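Notes for the one structure printed next.
Each ligand, and each atom within it, is numbered from 1 in the order the structure gives. Note that the structure is predicted; figures quoted are calculated from it, not measured.
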Amino acid sequence: MANVFAITNQKGGVGKTTTCVNLAASLVATRRKVLLIDLDPQGNATMGSGVDKHSCEYSVCDLLLGEAELDQVRVKANPAGYDLLPANSDLTTAEVQLLQLDGAHFRLKKVLSDLKDSYDYILIDCPPSLNMLTVNALTASDGVIIPVQCEYYALEGLSSLTETIQHIQETVNPDLSIEGLLRTMYDPRNSLTRDVSQQLIEHFGDKVYGTVIPRNVRLAEAPSHGMPVLMYDGKSKGSLAYLALASELVRKSGQAA
Ligand SMILES: Nc1ncnc2c1ncn2[C@@H]1O[C@H](COP(=O)(O)OP(=O)(O)O)[C@@H](O)[C@H]1O
Ligand SMILES: [Mg+2]
């Protein structure tokens, strides 16, 4: 039975998509079966997985709206080896259309109910807002992974995110928990990084992953080649960091082989 994790933070540019794509590839490298769901209309996780968002006949939008079958939508991310439910700008309209459907919160959960037995991990890349797509992700998930860039305003948005998580727990998904906070674009020479990092640990304790993701140019370059950094430059610091994160996650989520 898969662990389902939403990678979310309503701030843009904190490393959600980078984490999804590279964690998915790293989990495959540890022989886990992985599904990545792109739930951001920008389709960055789709493109970063080597799938052209413009040429997808069907996308995750069609699944949410019940207008396509799973096997029409699901594609393989090559060379990384995980499965992908791609997204493109169609998802923008889905957000509005969803609200007119019964059980709008539960559409993704319903899609996943048929899929959970086929994977070890399902990762969901969320859009940079707390909208109906994100609510669908949180409703369908067991845990939330929150990438945090250790900069001045990093902590500001976290309280509204934790309030949203709490609200989802109290209403539609009592089992939802914070799986972990991930420090991204980490620069230990920068005193602000160290201060914010310290505050995160004070607030969230051992929910903060021991693994940190350094700022690494290879991580920024890999998406333009349509592949995770593990395939683009497997020896880079970014690649090693995401492999370490995958090991930590496997240990914590109790799926060690
Ligand atoms: N650890 C990192 N080192 C260097 N660049 C990074 C790192 N993580 C993300 N980036 C770059 O920062 C930008 C934002 O990252 P992204 O993962 O798209 O964030 P989000 O999905 O939260 O908006 C992208 O251009 C990405 O390539
Ligand atoms: Mg993104």
Side-chain angles (χ1 to χ4, degrees), residues 5-26 36-51 53 59-61 77 80 84-89 91-92 95 123-131 133-134 136-138 144-151 153-158 160-161 164 180-190 192-193 196-197 200 208-246 248:
F5 295 136
I7 287 70
T8 190
N9 184 332
Q10 73 275 29
K11 270 174 92 88
V14 297
K16 290 181 290 295
T17 300
T18 304
T19 296
C20 270
V21 167
N22 291 295
L23 183 57
S26 300
L36 172 51
I37 302 175
D38 191 351
L39 217 55
D40 185 344
Q42 293 180 81
N44 292 343
T46 300
M47 297 295 279
S49 300
V51 174
K53 64 179 176 184
S59 73
V60 70
C61 171
L84 173 75
L85 300 181
N88 54 34
S89 55
L91 257 186
T92 314
E95 215 240 310
L123 304 178
I124 309 170
D125 189 22
C126 291
S129 58
L130 297 173
N131 63 14
L133 294 169
T134 301
N136 259 268
L138 295 177
V144 186
I145 296 173
I146 308 172
V148 183
Q149 198 181 342
C150 291
E151 54 162 43
Y153 292 112
L155 296 165
E156 206 168 63
L158 283 185
S160 55
L161 178 56
T164 302
L181 287 95
L182 176 67
R183 291 165 287 173
T184 61
M185 296 177 241
Y186 191 86
D187 176 4
R189 290 164 306 180
N190 182 331
L192 192 54
T193 295
V196 173
S197 183
L200 277 180
V208 180
Y209 287 114
T211 307
V212 296
I213 308 299
R215 193 173 276 285
N216 177 244
V217 69
R218 299 309 229 183
L219 280 170
E221 289 168 355
S224 66
H225 299 267
M227 59 179 82
V229 74
L230 188 61
M231 285 75 210
Y232 176 62
D233 183 353
K235 293 195 171 73
S236 62
K237 284 190 172 158
S239 179
L240 298 177
Y242 276 108
L243 283 170
L245 178 67
E248 186 174 355

Would you mind telling me if ligand 1 is within reach of the side chain of Pro128, the backbone, both or neither, using heavy atoms under 4.0 Å?
neither
Measuring from non-hydrogen atoms of Cys20 to any atom of ligand 1, is the shortest distance under 4.0 Å?
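In this structure, Cys20 fails to qualify as a contact of ligand 1 - no heavy atom is under 4.0 Å.
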Ligand 1 contact by Asn44, heavy-atom criterion under 4.0 angstrom
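It does not; every heavy atom stays at 4.0 Å or beyond.
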Looking at ligand 1, does any of its N/O atoms fall within less than 3.5 Å of an N/O of [X]?
{"X": "Gly13", "answer": "yes"}
{"X": "Val217", "answer": "no"}
{"X": "Asp125", "answer": "no"}

Atoms in ligand 1 flagged as close to Ile213, the criterion being non-hydrogen separation under 4.0 Å:
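Near Ile213, the atoms of ligand 1 are 1 (N).
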Subset of ligand 1 atoms that lie under 4.0 Å from at least one heavy atom of Val14:
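Near Val14, the atoms of ligand 1 are 19 (O), 20 (P), 22 (O).
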What protein N, O or S atoms come within a distance below 2.8 Å of the Mg ion (ligand 2), ordered by chain and number?
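Per the 2.8 Å query on the Mg ion (ligand 2), atoms found are Thr17 OG1.
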Could you identify the single nearest non-hydrogen protein atom to atom 12 (O) of ligand 1 and state the distance to 0.1 Å?
Met185 CE, 4.1 Å
Applied to residues 208-228, the ring pair (Phe, Tyr, Trp, His ring centres under 6.0 Å) test, sequence neighbours excluded, yields His225-Tyr232
Proximity winner for atom 21 (O) of ligand 1, if only heavy atoms of Thr19, Leu219, Thr17 are counted:
Thr17
